[in-house]
Amino acid sequence: MTAKIKLNAASGGGSFSLQAPSSSANNRVMTLPDTADGTILTTTNPKAGNIIQVIQTVKTDVFTLSTQTFTEVTGLNVLITPSSASNKILVEWGVYFGAGSELDSGGLRLQREFSGSSNNDLLFVGDQEGSNANMRRATNWATHMNTSGNRQNTFMGGKFLDSPNTTNQIKYLIKLGAGQGGGATVTINRSEGLSNTDSRATVPSSITAMEVAV
């Protein structure tokens with residue numbers, strides 16, 4: 001029995017046609033929605049707000065730093081290539097931070113790098129205020145914490161909707177900086193120092209990038 005499709009013209013007239021692929025090697029499948037009055041998309045362009053791709057990196061090992069100079073956290077970055085320069089990238093990060101009793105502060109930076117940029121695009125940072133503009137530790141931080149001698153892990157996370165305006169591959173990365181104190185140490189994924197206690201357990205951190213259609 002030959003299959004048939006019957007199309008009824010709207011009251012204003014007009015027609016609608018379905019054209020088969022030019023060869024059997026280019027078969028196409030039309031999937032009907034399993035809902036009443038469902039809609040079949042007639043274009044491959046996503047709707048505004050749709051998530052096109054999601055890429056995540058999880059860091060499970062420990063990173064240690066003993067300098068006030070902001071340094072990239074090894075293995076805590078994500079690479080994503082936007083399909084359109086007009087799309088946005090939603091970046092989320094969740095980082096476990098530890099510090100020793102001799103240190104009272106530390107901070108993270110979110111940075112974006114891609115070909116053709118300054119390769120030093122700090123994102124999601126607070127304004128410089130008053131005399132803080134001259135302090136090495138108090139400006140351009142995405143997140144900041146004060147341990148007050150607490151040796152347990154502290155969770156620091158955030159979200160930022162970026163508009164990179166490129167189709168080049170983008171690298172989003174996390175940088176870590178220690179606060180005050182000579183020879184002080186900050187760590188990622190564990191509190192400072194090793195000990196057979198629950199407070200010194202190793203935990204994971206992650207960074208996720210999602211392309212959002214505009």
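Residue numbers count from 1 along this sequence. Predicted model only: the values in this text are computed from it and were never measured.
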N/O donor-acceptor pair under 3.5 Å between T208 side chain and S206 backbone
no

Looking at Y96, is its backbone amide N or carbonyl O close enough to the side chain of S205 to form a donor-acceptor pair, meaning the two atoms are under 3.5 Å apart?
yes

Hey, what do you get for CZ (R112) to CD1 (I80), rounding to the nearest 0.5 Å?
13.0 Å

Decide yes or no for I51 and V212: does some side-chain heavy atom of the first lie under 4.5 Å from some side-chain heavy atom of the second?
yes

Under 4.5 Å between side-chain heavy atoms, counting indirect links through other Ile/Leu/Val/Met/Phe/Trp/Tyr residues: same cluster for V95 and V78 or not?
yes

Check whether any side-chain N or O of E211 sits under 3.5 Å from a backbone N or O of S83 as a donor-acceptor pair, and report yes or no.
yes

May I ask whether V91 and I174 are part of the same hydrophobic cluster, defined by side-chain heavy atoms of I, L, V, M, F, W, Y residues being less than 4.5 angstrom apart, directly or through others?
yes

All heavy atoms of P204 vs all of V58, minimum pair found to be CB-CG1, 4.2 Å

Do L176 and L173 sit in one hydrophobic cluster, given that two such residues count as connected whenever their side-chain heavy atoms are within less than 4.5 Å of each other, even indirectly?
no

Using a 3.5 Å distance criterion without hydrogens, assess whether the side chain of N168 forms a donor-acceptor pair with backbone atoms of F114.
no

Just by distance, do the side chain of Q111 and the backbone of E72 share a donor-acceptor pair under 3.5 Å?
no

For the CG atom of D121 and the CG atom of L123, what is their distance to the nearest 0.5 Å?
6.5 Å

Give, for atom OG1 of T71 and atom CZ of R109, the distance between the pair rounded to the nearest 0.5 Å.
10.0 Å

Membership question, hydrophobic clusters at under 4.5 Å side-chain separation (ILVMFWY): are M156 and L65 in the same one?
yes

Report the distance from atom CG of N87 to atom CG of N165, rounding to the nearest 0.5 Å.
10.5 Å

Is any side-chain heavy atom of L108 closer than 4.5 Å to one of L110?
no

Tell me whether M210 is reachable from F160 by hopping between hydrophobic residues (I, L, V, M, F, W, Y) whose side-chain heavy atoms are closer than 4.5 Å.
no

Contact check, side chains of L79 and I55, non-hydrogen atoms, under 4.5 Å:
no

Please check if the side chain of K59 supplies one atom and the backbone of T74 the other of a donor-acceptor pair under 3.5 Å.
yes

Ignoring hydrogens, what is the shortest heavy-atom contact between N77 and T57? Give both atom names and the distance.
O-OG1, 2.7 Å

Anything under 30° is parallel, anything over 60° is perpendicular, the rest tilted; go ahead and classify F124 against W93.
perpendicular

For the residue pair F97 and V186, establish whether any side-chain heavy-atom pair is separated by less than 4.5 Å.
yes

Going from CD1 on I89 to CD1 on I170, what distance comes out if it is rounded to the nearest 0.5 angstrom?
5.0 Å

Within a strict 4.5 Å, meaning less than it, do heavy atoms of the F155 and V203 side chains meet?
no

